[in-house]
**Student:** 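Pasting in a structure now, in structure tokens, and then I'll have a few things to ask.
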Amino acid sequence: VIRVLQQETPNFASHSIPRDVKGVVLHIAEGGERAVDSWFAADASDVSAHFLVGLDGEIRQYVSVHDVAWHAGRVQAPTWRGLRRGNPNAYTVGIEHEGSGLTPWPEEQLYASSMLAAWVVARFGIPVNGLGFALHRQIFAGKTCPGPAFDFDNYLHRVAAVQRLLTKAELETVIVGIR
């Protein structure tokens with residue numbers, strides 16, 4: 001069982017009706033969990049994500065999936081096929097990852113992140129492909145996020161495998177505490 005730890009951030013927009021989530025944006029923090037906690041907790045940062053997945057597989061949630069996190073609002077020379085009109089934050093869930101874009105993700109982190117992404121896919125009916133998943137750099141070309149060490153195809157393969165193996169109800173018993 002993966003228990004999602006709750007963290008606070010002032011950097012989000014409340015959403016009064018169910019959100020029409022169409023995609024997942026993957027990020028790398030270029031730092032550790034404590035630095036992310038501190039940065040997301042600061043009013044002046046004006047940034048957040050829905051989740052952070054630690055190197056050890058621990059998952060932290062900063063913003064409810066029903067609210068808008070501020071993780072991918074700037075658009076520059078986009079290449080993501082799932083991009084729509086307006087601010088991408090309004091229709092995506094942002095998953096941040098502890099670490100560096102130059103370092104491969106450890107197995108614990110890949111496992112937890114793919115399980116979390118499968119939960120999001122099941123919850124919102126998102127396709128597990130280039131329409132439903134974006135690298136941050138595919139929305140904002142000025143970023144390298146999540147970095148050259150990230151194997152996007154392998155990640156999507158893992159998420160699809162979890163989706164084939166576990167139902168939505170089963171995923172809700174594996175990952176608990178998401179709001």
Side-chain angles (χ1 to χ4, degrees), residues 1-4 6 9 12-29 47-54 57-75 78-98 105 109-141 143 145-147 150-179:
V1 173
I2 301 171
R3 296 194 188 286
V4 177
Q6 297 299 316
T9 181
F12 71 97
S14 294
H15 202 273
S16 59
I17 59 173
R19 282 198 326 138
D20 188 18
V21 175
K22 297 294 186 190
V24 175
V25 181
L26 303 171
H27 302 269
I28 191 77
V47 295
S48 63
H50 292 90
F51 300 97
L52 170 71
V53 181
E58 179 180 275
I59 300 174
R60 297 174 185 221
Q61 184 174 21
Y62 300 87
V63 177
S64 167
V65 295
H66 304 292
D67 291 326
V68 178
W70 300 341
H71 62 97
R74 295 186 303 163
V75 177
T79 58
W80 178 36
R81 296 180 321 163
L83 193 68
R84 297 164 182 267
R85 277 194 216 228
N87 186 328
N89 290 335
Y91 55 86
T92 61
V93 168
I95 304 177
E96 190 76 60
H97 295 83
E98 179 183 23
W105 297 5
Q109 187 175 40
L110 278 168
Y111 173 79
S113 183
S114 60
M115 294 296 282
L116 173 62
W119 183 95
V120 173
V121 163
R123 171 66 180 81
F124 293 104
I126 298 168
V128 184
N129 58 31
L131 282 175
F133 281 75
L135 306 175
H136 188 194
R137 69 176 174 257
Q138 292 176 306
I139 295 171
F140 188 77
K143 297 274 189 178
C145 180
F150 179 65
D151 186 342
F152 192 33
D153 291 335
N154 177 55
Y155 184 85
L156 291 178
H157 176 76
R158 285 171 169 265
V159 174
V162 172
Q163 185 186 31
R164 283 191 305 274
L165 291 172
L166 300 175
T167 66
K168 180 180 175 186
E170 290 169 328
L171 278 165
E172 290 175 352
T173 65
V174 173
I175 299 182
V176 296
I178 293 178
R179 58 182 164 91

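These numbers come from the heavy atoms of this one structure, side chains and all, not from hydrogens, waters or symmetry mates. Just so it is clear, the model here is predicted, and its values are computed rather than measured. Throughout, residue positions are numbered sequentially from 1 according to the sequence presented.
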**Student:** Quick one: salt bridge (charged side-chain N to carboxylate O under 4.0 Å, His left out) partners of K22, sequence neighbours excluded?
**Tutor:**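 K22: salt bridge (charged side-chain N to carboxylate O under 4.0 Å, His left out) contacts with D20.
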
**Student:** If you take the centroid of each ring, where Trp contributes its six-membered ring, are W70 and F12 closer together than 6.0 Å?
**Tutor:**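 Between W70 and F12, which both carry aromatic rings, the centre distance is not below 6.0 Å.
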
**Student:** Taking A169's backbone N and O only, do any of them form a donor-acceptor pair with E172's side chain (distance below 3.5 Å, no angle check)?
**Tutor:**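 Pair absent, no side-chain N/O of E172 close to backbone of A169.
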
**Student:** Would you say R179 has more than 12 foreign heavy atoms packed within less than 6.0 Å of its CZ?
**Tutor:**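 Yes - once you tally the heavy atoms of other residues, nucleotides and ligands closer than 6.0 Å, there are more than 12.
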
**Student:** With sequence neighbours excluded, what pairs up with V75 under the side chain to side chain contact (heavy atoms under 4.5 Å, CB included) test?
**Tutor:**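 In terms of side chain to side chain contact (heavy atoms under 4.5 Å, CB included), with neighbours along the sequence ignored, V75 is linked to P78, L83, P88, I139.
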
**Student:** Side-chain contact test, heavy atoms from C-beta onward, threshold under 4.5 Å: evaluate it for I178 versus I59 and give yes or no.
**Tutor:**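 In short, these two side chains do not touch, never coming nearer than 4.5 Å.
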
**Student:** Tell me if the centroids of the rings in Y62 and F51 come within less than 6.0 Å of each other.
**Tutor:**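 That pair fails the under 6.0 Å test.
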
**Student:** Can you list everything that forms a side chain to side chain donor-acceptor pair (under 3.5 Å) with E58? Sequence neighbours excluded, please.
**Tutor:**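 Result, side chain to side chain donor-acceptor pair (under 3.5 Å) vs E58: R60.
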
**Student:** Is there a side-chain contact between W80 and L131, using heavy atoms and a 4.5 Å cut-off?
**Tutor:**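 No. Closest side-chain heavy atoms not under 4.5 Å.
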
**Student:** Does a side-chain heavy-atom distance below 4.5 Å link W105 with P146?
**Tutor:**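 Side-chain contact under 4.5 Å: yes.
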
**Student:** I need the full list of salt bridge (Lys or Arg N to Asp or Glu O under 4.0 Å) pairs touching residues 157-171, with sequence neighbours left out, sorted by first then second residue.
**Tutor:**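 Residue pairs with at least one partner in residues 157-171: E107-R158.
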
**Student:** Side chains of V174 and M115: does their closest heavy-atom pair fall under 4.5 Å?
**Tutor:**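 Sidechains of M115 and V174: in contact.
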
**Student:** Do the non-hydrogen side-chain atoms of F133 and L156 ever get within less than 4.5 Å of each other?
**Tutor:**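 The answer is yes, as the side chains (C-beta and beyond) meet within the 4.5 Å cut-off.
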
**Student:** Is the NE2 atom of H66 crowded by more than 12 outside heavy atoms at less than 6.0 Å?
**Tutor:**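 Check passes, neighbour count above 12.
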
**Student:** Kindly write out the residues that satisfy side chain to side chain donor-acceptor pair (under 3.5 Å) with H71, not counting sequence neighbours, or none if the list is empty.
**Tutor:**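 Scan of H71 (side chain to side chain donor-acceptor pair (under 3.5 Å), adjacent residues dropped) gives H27, T92.
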
**Student:** If the condition is salt bridge (charged side-chain N to carboxylate O under 4.0 Å, His left out), which residues does D153 pass it with, not counting sequence neighbours?
**Tutor:**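 For D153 there are no salt bridge (charged side-chain N to carboxylate O under 4.0 Å, His left out) partners, ignoring immediate neighbours.
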
